[in-house]
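Throughout, a chain's letter reflects where its sequence line sits, starting with A, and its residues are numbered from 1. Given the structure is predicted, the values throughout are model-derived calculations rather than measurements. All heavy atoms count here, side chains included; hydrogens, waters and symmetry mates do not.
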Amino acid sequence: MLDRTFIRENLDRVAEKLSQRGYDFERETFRQLDDEEKEVRLEWEELRAKRNKTSDQIAQVKRSGGDASPQIEEMKQVGARIKELDGRLAELAQSMEDFLLTIPNLCHDSVPPGEDESANQEMRTFGEPRAFDFPIKDHVELGEDLGILDLQRAGKIAGARFAVYLGAGARLEHALARFMLDVHTKEHGYTEVLPPYINNRNAFVGTGQLPKFEQDLFKLEGHDFYLVPTAEVPVTNLLAQEILEEENLPISLTAYTPCFRSEAGSYGKDTRGLIRQHQFNKVELVKFARADDSYQQLEQLTSDAESILQRLELPYRVVTLCSGDTGFSSAKTYDLEVWIPSQNTYREISSCSNFEDFQARRASIRYRPSDAKKTRHVHTLNGSGLAVGRTWVALLENFQEADGTVLIPQALRPYMDGLERITVENGLKL
RNA sequence: GGAGGAGUAGCGAAGUGGACGUAACGCGCCCGACUCGAAAUCGGGUUGUCAGGUGAUGAGCUUGGCACGUGGGUUCGAAUCCCACCUCCUCCGCCA
């Protein structure tokens, strides 16, 4: 959520910035709501002040044994008017809130303007896509042939866009997650969090998934609960409504959770395999940082995520998303894209964003800067470190051998009980 | 799911319709005094938020509103009475 005072004082600039990301900011709606609320609030406050004062007088009169009925009569009128204004004020405040909650964040000045992903900017690449001297298989074929992945049977128990991992396939998923968590907690200074996978509406408003993107979520029927689409939601909201000590910043948390996404409207996209699933696992990195430190932390968080790809020897590139491609809540986003041989292209495997104070304002997460008395909203950041399912895909495809087996990168072998290669022996073929 | 109890400042805790919620009292923390220094002692300070005024759209000062778990209600007036919800504790049931 943008700061209301900031909008008020920078109407033109806000409108211009928002148009860069394809959002049409209704200046008049804002001005009207803002003015009217202010007017009503003023009268409301004046009346409350009067009532407070008169109530004290009534108390005094009564204490000294006098008759306070004229004042009481008068306050009955005032009370009725206050009640009227209460309702009107609540209405206006709600309208303003609804209006503000659907406005996306402003992009940082370093974000390249552009409408869609074609304007994204490649920052750097790591590794070389491998040249295969045999016909390659994609991860579905590899996984099914090895007996470590079953999409058919997943359809029986769940449906399309679900998967079942078997044998070394299941083990590989866990190994990747454990490996990532170990690197982030032992080497990058993150603390692991294991949150609930079902969160309430409030948490989703805090990080910006609601009220605008309800159709992307799985909602529990009859409850005010949703399945988390990313650990960003529970982990960021963990500190909602809190005032943090500056000396504790930055706070770096990591969480391994399943992620549930309805993927409504994505039918026909990535229909084959594990790339786009209703349920997948992800190790998430979340940071709470000082306002003046958050962009440095974004670089750090991105490099923390990159280090996983490097250790797994997977070729990837880093791109800066242009204004039109940047997510609703984000001010700046770097995507990490891993090389997928069967598609002959780089595919997103992590999205690292600085939300500045956009989420912190919604969730009310503040800190006390040491040089000032007033509190200030923290800057929140997050990024995948990494999406485990897509890492599984990248690993199978990039490390496949001519005989259909898959080598396991050195860094991961300790997590696979020393297994060096996945063969049909490690799967379940029925 | 049922029955009871509890949520007040960083922590503990008093207040149970009006007599200052910046809210008793205690602890902690900050500043100062005493001291060579420390401890002890003494003095002072120590919630957030919104709006108006002043100021430079800063720091600060100032006036007022709001907040005693959350949201409603009763009342001239609610931390205090009533209702609903949330969280925690105890017991019963059920369960991993």
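Near RNA chain B, meaning a heavy atom under 4.0 Å away, the residues from residues 83-101 of chain A are A/K83. Contacts with RNA chain B (heavy atom under 4.0 Å) in residues 73-80 of chain A: A/M75, A/K76, listed by number.
Each of B/C76, B/A51, B/G65 was ranked by its minimum atom distance to the side chain of A/A49; first place goes to B/G65. Across B/G64, B/G48, B/G18, the shortest atom-to-atom separation from the side chain of A/I58 is found for B/G18.
Applying the salt bridge (charged side-chain N to carboxylate O under 4.0 Å, His left out) test to A/R347 and every residue at least two apart in sequence or in another chain returns A/D270. Annotation: side-chain hydrogen bond (donor to acceptor under 3.5 Å, both in side chains) contacts of A/R48 (sequence neighbours excluded): none. Remark: A/S303 engages no residue in a side-chain hydrogen bond (donor to acceptor under 3.5 Å, both in side chains) (not counting sequence neighbours). Not counting sequence neighbours, A/K38 has no partner by the side-chain hydrogen bond (donor to acceptor under 3.5 Å, both in side chains) test.
Sorted by first and then second residue, the ring-ring contact (aromatic ring centres under 6.0 Å, His included) pairs with a member in residues 60-80 of chain A form an empty list; sequence neighbours excluded. Residue pairs meeting the salt bridge (charged side-chain N to carboxylate O under 4.0 Å, His left out) criterion with at least one member in residues 108-122 of chain A, sequence neighbours excluded: A/K17-A/D109, A/E122-A/R317. Within the structure, ring-ring contact (aromatic ring centres under 6.0 Å, His included) pairs that include any residue of residues 50-82 of chain A do not occur (at least two apart or interchain). Applying the ring-ring contact (aromatic ring centres under 6.0 Å, His included) test to pairs two or more places apart or on separate chains, those with a residue in residues 407-430 of chain A are A/F179-A/Y415. Every pair passing ring-ring contact (aromatic ring centres under 6.0 Å, His included) that includes a residue from residues 101-123 of chain A is listed here, sequence neighbours excluded: A/H108-A/Y295.
Contact between the side-chain N/O atoms of A/N52 and the OP1/OP2 oxygens of B/C20 is not found at any separation under 4.0 Å. For B/G52, one of the phosphate oxygens OP1 or OP2 lies less than 4.0 angstrom from a side-chain nitrogen or oxygen of A/K38. Applying the 4.0 Å criterion to OP1 and OP2 of B/U49, one finds that A/R366 has a side-chain N or O inside that range.
Inspection of the A/K282 and A/T257 side chains reveals no N or O donor paired with an N or O acceptor under 3.5 Å.
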Restricting both atoms to N or O, compile the protein contacts to nucleotides 78-83 of chain B shorter than 3.5 Å, with distance only.
none

